[in-house]
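Throughout, a chain's letter reflects where its sequence line sits, starting with A, and its residues are numbered from 1. All values derive from a computational prediction rather than experimental measurement.
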2 protein chains.
Amino acid sequence: MDNNKNINSPNNLSEPENKILEAAKKVFIQKGFDGATMQEIADVAGINKALLHYYFRKKEILFKTIFQQAFSEFVPNIQEVISSDKPLRKKIKSFIEGYIDLLTKNPYLPIFILNELSQRPEKLITIIKSSGLNPSLIIKNFDKSLQEAGIKSYPIKHLLVNILSMCIFPVVAKPVISSFLFDGNDKSYQLFIQQRKKYIYDFIIKALKI
Amino acid sequence: MDNNKNINSPNNLSEPENKILEAAKKVFIQKGFDGATMQEIADVAGINKALLHYYFRKKEILFKTIFQQAFSEFVPNIQEVISSDKPLRKKIKSFIEGYIDLLTKNPYLPIFILNELSQRPEKLITIIKSSGLNPSLIIKNFDKSLQEAGIKSYPIKHLLVNILSMCIFPVVAKPVISSFLFDGNDKSYQLFIQQRKKYIYDFIIKALKI
DNA sequence: AAGTAATTTAACCAATTAGTTAAAATAAAT
DNA sequence: ATTTATTTTAACTAATTGGTTAAATTACTT
C-alpha cells in the first residue's frame, strides 16, 4: 500500500492522504475539534470512513496534523520581513499588508487556532513549539531595527502585540464588528478590513513618531 | 413549583435556577457549546440531570440564556465612559483600564463569545442585538469627543477597533503569547497584561497626537 | 490473465449524550 | 398531620459518534 504517490503533489503523500488532509483542514477549521466528525471529513474528502480510519487511525492524530499545519500558516514569514534590509517603515508596512492578505484568504484560521489552543493548551503547546518559529530571534531583529530607527521609547513586546492585535482581532471578531459597525453588510466589512492596511500602518507610524 | 424564590438573590429566580445558571456559565465558557454536557452542568450545580431538564428543557435554551448574559458582560459600559464629561484622554484611559480589569477577571469570556459567534453567527446575532447596546450612539458620542479635541485625521471606527483589539486580543491569545514571549511563565504574562494599561494608552495618545 | 494493492460496502460495537419518565423520597406549607 | 411542592433515583430511549472488521469490489501492475 501507499504505492500511489501523487506526482502532482509537492509532498510525498498518496493522493487519498492529500484529499483527506484537505478535507480535514476544511472541516476542523470550520467546526473545531469537538464539532467535526470523522464521517463529515470522509464525505468532504470523497471517500468512506473505513478508508479514512485506514490512513489516520485516530481523530486525534488527524487533528494534530491539521493543527500544526494551520498554525504554521497562521504564523507568517515574519522572520523574512523583519530580517530584510528594508527601512523599518517598509518592514512594518509589508508585514501588515501581507498579514491582512493572509487573513483575508483564511478568515477562519485565527479563531480556530485560538479557540483550540485555549481549550487544550497543554496538548497543543508542544505542537506549536515545534513549528520552527523563533520568537527571540524575531524580537532581536526587530529590536535592532527599532534601535537603528532611533526608537527607544516603546517596549518591543508591546509593539509586536499591538500590531498583531490590530491585524488579527478584527478578523476574529467579524460577526460582532460586521453586525454592529456595518449593519451586517459584508461588503462594507471587507472594505473596512482592506482599509486597515493603511490605518494600522498610519497609527503605528504616528505612535512611534518615525 | 417555582415557589422557592430566593430572597437573597437579586433576581426573581428560584435558588436551583440560580445554581444552574452559575454552573452553566462556568461550564459553557470553559468548554463551549459542543464541549459542554448537561451532566457536567448538573454536577457543577450540585443537582441531578432530571432537575436540570426540569428547569431548562433544552441545552439550547440554557445556552442562549448564558450566551446573552456573557455577551452583556463582555460589552462593558462603554456608553458611560464615552458619554461622561471627562476630557478625551481621561475617557480613553478609564476605558482601557476598566476593560483590562474586566478581562483579567474573566479571561475566558472573550474567546468563548468570539468562537461561538463565529460558529453560529445566524443564531447568535439576534441575541447580541437584543443586548441593549447602541453602537451608533457610542460612535456619535465618541466622534463628538474627538472633534472637540481637534482630532479629525483618523476614522473613528478604526480607532475604536484599534483600542478594542489591543485590549482583547492579548487575552484571547494568551497561550501563544505566554508561551512564545514569556516562556510559559504565567506571572510574566499577567504583568505584561497589566502593563498594557499604560502602553496601550501611550500608544493611542501618541498616534492621535493629543 | 493473474496477482496484488487500494477502496468500498455494510454491518457492527461500545461509549457518550440529550432528553424522558415514573415512582420514591424529602422538604415545606397549611 | 396531611397535603403540596420540590428533588432524587434510576432506568430507559434514541441518536450520534469513533472506531473496527471482513468480505466484496475495483484498480494497478506485471
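Between F33(B) atom CZ and dA18(C) atom C1' the separation is 10 Å, expressed in whole Å. Computed from coordinates, the I47(B) CD1 to dT26(C) P distance equals 18 Å when rounded to whole Å. Separating the CD atom of E40(A) from the P atom of dT16(D) is a distance of 14 Å, rounded to the nearest angstrom. The separation between L52(B) atom CG and dT17(C) atom P is 14 Å, rounded to whole Å. Regarding D34(A), its CG atom lies at a distance of 13 Å from the C1' atom of dT17(C), rounded to whole Å. One atom, NZ of K58(B), and another, P of dA15(D), lie 13 Å apart when rounded to the nearest Å. Protein atom CD of Q39(A) is 13 Å distant from nucleotide atom P of dA10(C), rounded to whole Å. Between L51(B) atom CG and dA27(C) atom C1' the separation is 13 Å, expressed in whole Å.
Here the two rings, on Y99(B) and F95(B), have centers that are under 6.0 Å apart. Ring centroids of F28(A) and F112(A) are separated by 6.0 Å or more, keeping the two rings apart.
Nucleotides of DNA chain D nearest to A50(A) and T37(A) differ in position, and the one nearer the 5' end is that of T37(A).
Both tests do not hold together for K157(B) against F192(A): distance to the six-membered ring centre under 6.0 Å, angle to the ring axis within 45°.
Between Y154(B) and H158(B), the ring planes are perpendicular. Angles over 60° get that label, and only those under 30° would be called parallel. Taking the six-membered ring for Trp and thresholds of 30 and 60 degrees, F180(A) and F71(B) have ring planes inclined between 30 and 60 degrees apart.
Side-chain N/O atoms of H53(A) include one lying less than 4.0 angstrom from OP1 or OP2 on dG19(D). The side chain of Y54(B) contributes no N or O atom lying less than 4.0 Å from OP1 or OP2 of dT20(C). Between N48(A) and dT7(C) there is no side-chain polar atom (N or O) within less than 4.0 angstrom of OP1 or OP2.
Looking at heavy-atom distances under 4.0 Å, A36(B) makes contact with sugar-phosphate atoms alone, never a base.
Judged by distance alone with a 3.5 Å cut-off, a donor-acceptor contact links the side chain of K49(B) to the base of dG19(C).
Picking from dG19(D), dT7(D), dG19(C) the nucleotide with the shortest atom distance to the side chain of M38(A) gives dG19(D).
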